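Contents: one structure, followed by commentary.
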Amino acid sequence: MAIKDLPDTECVLPGSAACPGCPATMGLRIVFKALGKNTIMVVPACCTAVIESLHPHTSFDIPVMNIAFEAAAAGASGVEAALRQQGKEDTTVVAWAGDGGTYDIGIQALSGALERQTNFIYICYNNQIYSNTGIQRSGATPYGAWTTTTVGGKTEFRKEMGEIIQAHHIPYSAQTCVSYPEDLYNKLKKAKGIKGPKYIEIMAPCPPGWRFPMEKTVEMGTMAVETGAWALYEVENDKMTFNGKSKLILEKKIERKPIEEWIKYQGRFRHLFKPEKDVKRLKAIEEHTDQMWDRYRRCYL
Amino acid sequence: MKKYNVVTTISYPKKGAMGKTGSWRIFKPILDKAKCVKCLRCWIYCPEATIIRNKDDTVSIDYEYCKGCGICANVCKVKAITMEREVKKK
Amino acid sequence: MTLMIDTGNYIAAKAAIMAKPDVVAAYPITPQTTLVEGIANYVKTGEFKGEYICVESEHSAMCACIGASAAGVRTFTGTSSHGLLLMHEMLHWAALARLPVVMCNINRVVGPGWNIWPDENDSISQRDTGWIQFYCSSNQEIFDTIIQAFKLAENEKVLLPVMISYNAFILSHTSMPVEIPDQKEIDDFLRKRKSKWKLDINNPITFGNIILPADYEKIRKDMQNSSENAKKLIPEIAKEWKKKFGRYHGDLIERYKCENAEYILLAMGAIGAESKVSIDNLRKEGLKVGLARVRTFRPFPKEDILKLGKQADLIVIDRNISVGSEGALFSEVKASLYDKSDTKVYGFIAGLGGKDVTYNDIEIICKKAIKGKVKDCEWYGLEGV
């Protein structure tokens, strides 16, 4: 699927409250191109709740239900059950949540919905922080990153949500990134065609949250993949396949770029470079990334 | 569009729900149609859906709502889009 | 019409499935468990044809009900104590969304100090969530109120969720004979839900996005107006039920021997039922005491209580305590009379932590009040203090 082949469908209307350069709306546009208008979306507290814009108007051209922070998957379970009772099983139910609402406060409801085999797509757009509340750390924030609650840089590494999801052995899960619209589109399209719970996580570089210029959103995503900080993969019935550059990195056909190449452009890591280079922490990041890939190779190659 | 007669937070779709967001712009994307190779990267990456894809895969820019993030110019491989400082209307 | 002899929870399960909800989402908690087990059995027998979602928490139970209700169908759940408290956030959500979810709450003590006996602090602490609150005093009332609750909640002039509370064990696990109408009769009384708004791909609305203060305030005021509408509708629905099925448990309050009473006792739930025995005994002794059993704590029967206050002195028993203040019913009764009546109001706290409150205790309480020797809000029978 090439860019040209992606349909014209638009469900996020221009003139929303999103920040310029927002990865969430960038991702949502592709999501709706893949899923079409026969979709109902459940949104917990996250940037998207703001992006929808101000009552009595909305920037979304599909039905959207906002729900509490920890509640996306549970709310979606209810919507899905109600649709089934009404014979509307052809409608795709999507929970669209941030990493805070997924990794942290919403993980219980998510795990429950996956275990119950709820027929829905759970999408986590991961900007590695609570950005809606003004850049606080989440379970997805990488080691060393500044946030307003990790002022000297985060002292812990992020969770591997993908592997937590895999432990549920659902029919389909995937990691993708806004910088790869075809990959994102294909994964959503595939998920739409599968019955049962599906989980898709989208790397979503946030200009104000990561402190990079707003025109660089796409590059920040590409670099996350090329440095191996983020992997593109999909898991279909427990079979793991890496995609694109991540596949080449996994198979050691290309060398992943040093993480430094990605983080040096982000203000949230500035303290690792200025006033002097924090060699120790930079080394820790590289080693942790290597360990992650070694584990991927051991498990999935 | 059916309006529901219930007093709760029900909102209806509207282009420009936050007004004419083109006014947020500091830099404006300028398209040089002669350079455009119709790759549609600007269209697909635009976070605001303000790059309009024409039938022949050329593109136009919806300046009413374009927030001027500059992603279109940045992803254009042939530099058909450049960012120019907005001239404030008097 | 059939006669079913069973516990409050199994009766509630029967009522719930006869109301034909499309979605039930629930999580077990003592002493509500037999209610959800009862529904699970109806799933197995095929008598319940809706979706039964066994969620991983009460919070998710309420979320799933909200999602389903927003998608346009009838929903039911049940919980108790800590489960209700875990739902708290979503109770507000359901009410503000104007979703007619119906829920049973089995009144149980809140920990710590794990204790599963009756106490009304769980639901009283949810009084400001916008839910209509019923308190039942018999298994028959539980059945009848559940069916009526759907009709009330789904009425377009109301559109507020309804909580039906009843005391742990005293009702939840005690068998009583209950008259069960035929399904067809229930169907005639309670028609299929017609949702006033819903998630519909042909009408793509967004529910619950950002709202400015002035518009938000209107939503709150409309909830208040709707609750006032419920005040009028509760008696109407109760009358219709009486006409159809011959049973009546009162409307916002149930009056018992209030004629010529000089003292009227106000209580809720199981204490309200037990009080009838006390009233009979006190009357035999020549004391002119009546009972007003408060059935709805929200909407609060302010006008009814003012009428009672103009007639007699009031004695209030609370199986709850608003720490730092007094019994919640006591406070609200006094507020209803404020500036309109000089009647005396005597407040008692009794039966917290599931302590028995027998007809004998209630008689002692009434006699203490009649003698006028009562502190502002007295803790009845507190041991070792």
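Proteins come first, then strands; the chains are lettered A, B, ... in the order of their sequence lines, and each starts at number 1. None of these values were measured; they are calculated from a predicted model.
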More than 12 heavy atoms of other residues, nucleotides or ligands under 6.0 Å from [atom1] of [X]: is that the case?
| X | atom1 | answer |
| --- | --- | --- |
| Lys192(A) | NZ | yes |
| Lys247(A) | NZ | no |
| Lys245(A) | NZ | no |
| Ile254(A) | CD1 | yes |

Chain A contact via [X] - side chain, backbone, both or neither, heavy atoms under 4.5 Å:
| X | result |
| --- | --- |
| Ile44(B) | both |
| Thr8(B) | backbone |
| Cys46(B) | both |

Given a strict heavy-atom distance threshold of 4.5 Å, which part of [X] is in contact with chain B: side chain, backbone, both, or neither?
| X | value |
| --- | --- |
| Val218(A) | side chain |
| Val64(A) | neither |
| Ile30(A) | side chain |

Under a 4.5 Å heavy-atom criterion, the part of residues 68-83 of chain A in contact with chain B comprises none

Checking heavy-atom separations under 4.5 Å from chain B, one finds in residues 1-8 of chain A Ile3(A), Lys4(A), Leu6(A), Pro7(A), Asp8(A)

If you look at every heavy atom in [X] and [Y], which pair is closest and at what distance?
| X | Y | answer |
| --- | --- | --- |
| Cys69(B) | Gly21(A) | CB-N, 3.3 Å |
| Thr21(B) | Ser16(A) | CG2-O, 3.7 Å |
| Ser53(A) | Met18(B) | OG-CG, 3.4 Å |
| Thr50(B) | Pro14(A) | CG2-CB, 3.8 Å |
| Glu10(A) | Ala49(B) | OE1-CB, 3.8 Å |

Kindly say whether [Y] contributes a backbone atom to a donor-acceptor pair with the side chain of [X] at under 3.5 angstrom?
| X | Y | value |
| --- | --- | --- |
| Tyr45(B) | Met26(A) | no |
| Thr25(A) | Pro47(B) | yes |
| Lys216(A) | Asn74(B) | no |

Out of Ser59(A), Pro213(A), Pro181(A), return the one with the most heavy atom pairs under 4.5 angstrom to chain B.
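Of Ser59(A), Pro213(A), Pro181(A), Pro181(A) has the most heavy-atom pairs under 4.5 Å with chain B.
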
Is there a side-chain contact between Phe27(B) and Met214(A) (heavy atoms, below 4.5 Å)? no

| message | Quick check for you: among Arg41(B), Lys38(B), Glu48(B), which has the greatest number of heavy-atom pairs under 4.5 Å with chain A? | response |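 It is Glu48(B).
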
Only residue of His55(A), Glu52(A), His57(A) satisfying side-chain hydrogen bond (donor to acceptor under 3.5 Å, both in side chains) with Ser11(B) is His55(A)

inquiry  = Can you tell me how far apart NZ (Lys15(B)) and CG (Asp61(A)) are? Round to the nearest 0.5 Å.
reply    =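 If I round to the nearest 0.5 Å, the distance is 11.5 Å.
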
